[in-house]
Amino acid sequence: MGQERIREELGSLHGIPLYKVFIEGWPQVKDFQARPDDLLISTYPKSGTTWLSEIMDMIYQDGDVEKCQRDAIYNRVPFLEVKVPGIPSGVEQLKNTPSPRLVKTHLPVQLLPQSFWEKDCKIIYMARNPKDVVISYYYFYQMAKVHPDPGTLAEFLETFLAGKAAYGSWYDHVRGWWEKRKEKKILYLFYEDMKKDPRQEVKKILQFLGKEVVEGTVERILQNTSFQAMKKNPAANYETMPTALMDHNLSPFLRKGICGDWKNHFTVAQNERFNRHYQEHMAGTDLHFQMEM
Ligand code: A3P
Ligand code: EST
């Protein structure tokens with residue numbers, strides 16, 4: 001990737017702000033051929049995608065920690081819409097992945113390639129409260145250099161609330177997928193629940209998959225997917241990405257992994273502004289978030 005393409009402004013894909021390099025690859029993503037046994041991991045960015053991906057790979061590998069270190073998480077669970085000049089796109093990677101495949105996406109529900117619905121694929125969606133998402137995203141904008149300069153936190157808060165961060169409105173994303181779960185095979189999970197009781201959430205996933213494992217396997221899954229374990233695991237922590245693309249010295253990918261870090265960042269006024277905005281944009285939904293534990 002040429003230096004000149006680092007930190008460019010986002011483009012727009014059907015009204016959704018997105019990296020221009022991804023938009024260039026959109027025709028291939030739109031026509032992606034899902035397989036009936038594909039499992040899709042869907043999230044708004046910074047909502048626990050990597051955590052859920054590691055949990056899913058551990059389940060698929062029957063709790064074999066060594067097998068889960070066979071490759072970096074972004075290769076074990078290919079990122080559907082990723083497209084960077086010079087390296088295989090998500091679609092190309094997936095073509096060469098044997099079934100059953102795990103697939104990651106951040107696409108809003110209306111942009112998911114039709115094939116996933118036609119093949120009736122199982123989908124696991126994970127949502128996280130927006131105050132922690134915006135803080136996590138602010139640090140991610142700094143360390144993942146494909147992003148435009150986020151400016152100050154006050155500025156980035158406005159970008160996020162206006163739906164102008166990459167992948168667009170958080171509200172539309174979480175609400176769109178929430179509605180879709182009524183008609184499709186979608187397990188809708190929350191980051192906060194996973195923090196509070198990971199064992200219970202892993203069991204929900206196993207039930208959704210119709211898979212039974214022995215108790216020791218659940219134990220190993222939980223140990224290997226704890227924040228501490230993932231943070232020091234090079235196959236899970238993104239440290240294998242070139243520094244030109246991700247600078248972990250600016251902020252590590254696995255940064256804090258807690259609920260309520262927004263309290264260390266928001267001013268009282270910013271929190272009030274956020275609460276008003278949230279109430280307006282979440283009116284009329286039965287979808288609720290825990291902002292702290
Ligand atoms: P923070 O920046 O708040 O620490 P994504 O994978 O969707 O990009 O989400 C990244 C966020 O998930 C980061 O949040 C990261 O620390 C957190 N995360 C990753 N693995 C985790 C784990 N095992 N437990 C808790 N949080 C985790
Ligand atoms: C990594 C994880 C994630 O959930 C979202 C994104 C979006 C932008 C991606 C980045 C990522 C990984 C690194 C890149 C970047 C676009 C260019 C860069 O190479 C693929």
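It should be emphasised that the depicted structure is a prediction, and the values quoted were computed from it without experimental measurement. Order of appearance sets the numbers: ligands from 1, and atoms from 1 within every ligand.
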[X] atom [atom1], over 12 foreign heavy atoms within 6.0 Å:
X      : atom1 : result
Lys164 : NZ    : no
Glu158 : CD    : yes
Lys185 : NZ    : yes
Glu66  : CD    : no

Taking heavy atoms and a distance under 4.0 Å, where does [X] meet ligand 2: side chain, backbone, both or neither?
X      : result
Tyr238 : side chain
Val82  : side chain
Lys46  : neither
His106 : side chain
Phe140 : side chain

### Minimum-distance protein heavy atom relative to atom 8 (O) of ligand 1
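Going by distance alone, atom 8 (O) of ligand 1 is nearest to Lys46 NZ, 2.8 Å.
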### Task
Among all protein heavy atoms, pick the one closest to atom 7 (O) of ligand 1 and tell me residue, atom and distance.
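Among all protein heavy atoms, the one nearest atom 7 (O) of ligand 1 is Thr49 OG1, 2.4 Å.
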### Query
Of Pro252, Ser226, Ser136, which has the heavy atom at the shortest distance from atom 13 (C) of ligand 1?
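The option holding the nearest heavy atom is Ser136.
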#### Entry: Residue selection (non-hydrogen contact nearest atom 20 (N) of ligand 1) among Asn233, Thr50, Leu254
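Residue with the shortest heavy-atom distance to the ligand atom: Leu254.
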Between [X] and [Y], does the ring centroid distance fall short of 6.0 Å?
X      : Y      : value
His147 : Phe140 : yes
Phe190 : Phe289 : yes
His277 : Phe160 : no
Trp177 : Tyr188 : no

Short list, please: which atoms of ligand 2 are under 4.0 Å from a heavy atom of [X]?
X      : answer
Val146 : 8 (C), 15 (C), 16 (C), 17 (C)
Lys104 : 2 (C), 3 (C), 4 (O)
Tyr19  : 7 (C), 8 (C)
Val84  : 17 (C), 19 (O), 20 (C)
Met246 : 1 (C), 12 (C)

### Query
Quick one: does ligand 1 sit under 4.0 Å from the side chain of Thr225, the backbone, both or neither, non-hydrogen atoms only?
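For Thr225, only backbone atoms sit under 4.0 Å from ligand 1.
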### Task
Have a look at ligand 1 and work out which part of Tyr191, if any, has a heavy atom under 4.0 Å from it: side chain, backbone, both or neither.
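Under 4.0 Å from ligand 1, Tyr191 contributes side-chain atoms alone.
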### Task
Consider only side-chain heavy atoms of I, L, V, M, F, W and Y, link residues closer than 4.5 Å, and tell whether Leu254 and Ile258 are in one cluster.
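Unlinked, Leu254 and Ile258 end up in two clusters.
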#### Entry: Thr240-Tyr74 side chain donor-acceptor pair, cut-off 3.5 Å
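Yes, a side-chain donor-acceptor pair sits under 3.5 Å.
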### Query
Are Phe253 and ligand 1 in contact, using a heavy-atom cut-off of under 4.0 Å?
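The answer is yes, since Phe253 has a heavy atom less than 4.0 Å from ligand 1.
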### Query
Under 30°, 30 to 60°, or over 60°: which ring-plane class applies to Phe32 and Phe116, parallel, tilted or perpendicular?
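Parallel.
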### Query
What is the ring orientation for Tyr138 with Phe156, classed by angle as parallel under 30°, tilted 30 to 60°, or perpendicular over 60°?
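It falls in the tilted class, 30° to 60°.
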#### Entry: Leu40 side chain near Leu112 side chain, heavy-atom distance below 4.5 Å
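Answer yes - side chains close enough.
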### Message
Closer than 4.0 Å to some heavy atom of Arg128 - which atoms of ligand 1 meet that?
### Response
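Answer for ligand 1: 1 (P), 3 (O), 11 (C), 14 (O).
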### Subset of ligand 1 atoms that lie under 4.0 Å from at least one heavy atom of Met230
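Those atoms are 20 (N), 23 (N).
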Hey, does [X] come in under 3.5 Å of ligand 1, counting only N/O atoms on both sides?
X      : answer
Arg255 : yes
Lys256 : yes
Gly257 : yes
Lys195 : no

### Task
Have a look at Leu13 and tell me which of Trp26, Tyr167, Phe22 forms a side-chain contact (heavy atoms from CB on, under 4.5 Å) with it.
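For Leu13, the side-chain contact (heavy atoms from CB on, under 4.5 Å) test succeeds with only one of Trp26, Tyr167, Phe22, which is Trp26.
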### Query
Is ligand 2 less than 4.0 angstrom away from at least one heavy atom of Leu245?
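So Leu245 counts as touching ligand 2.
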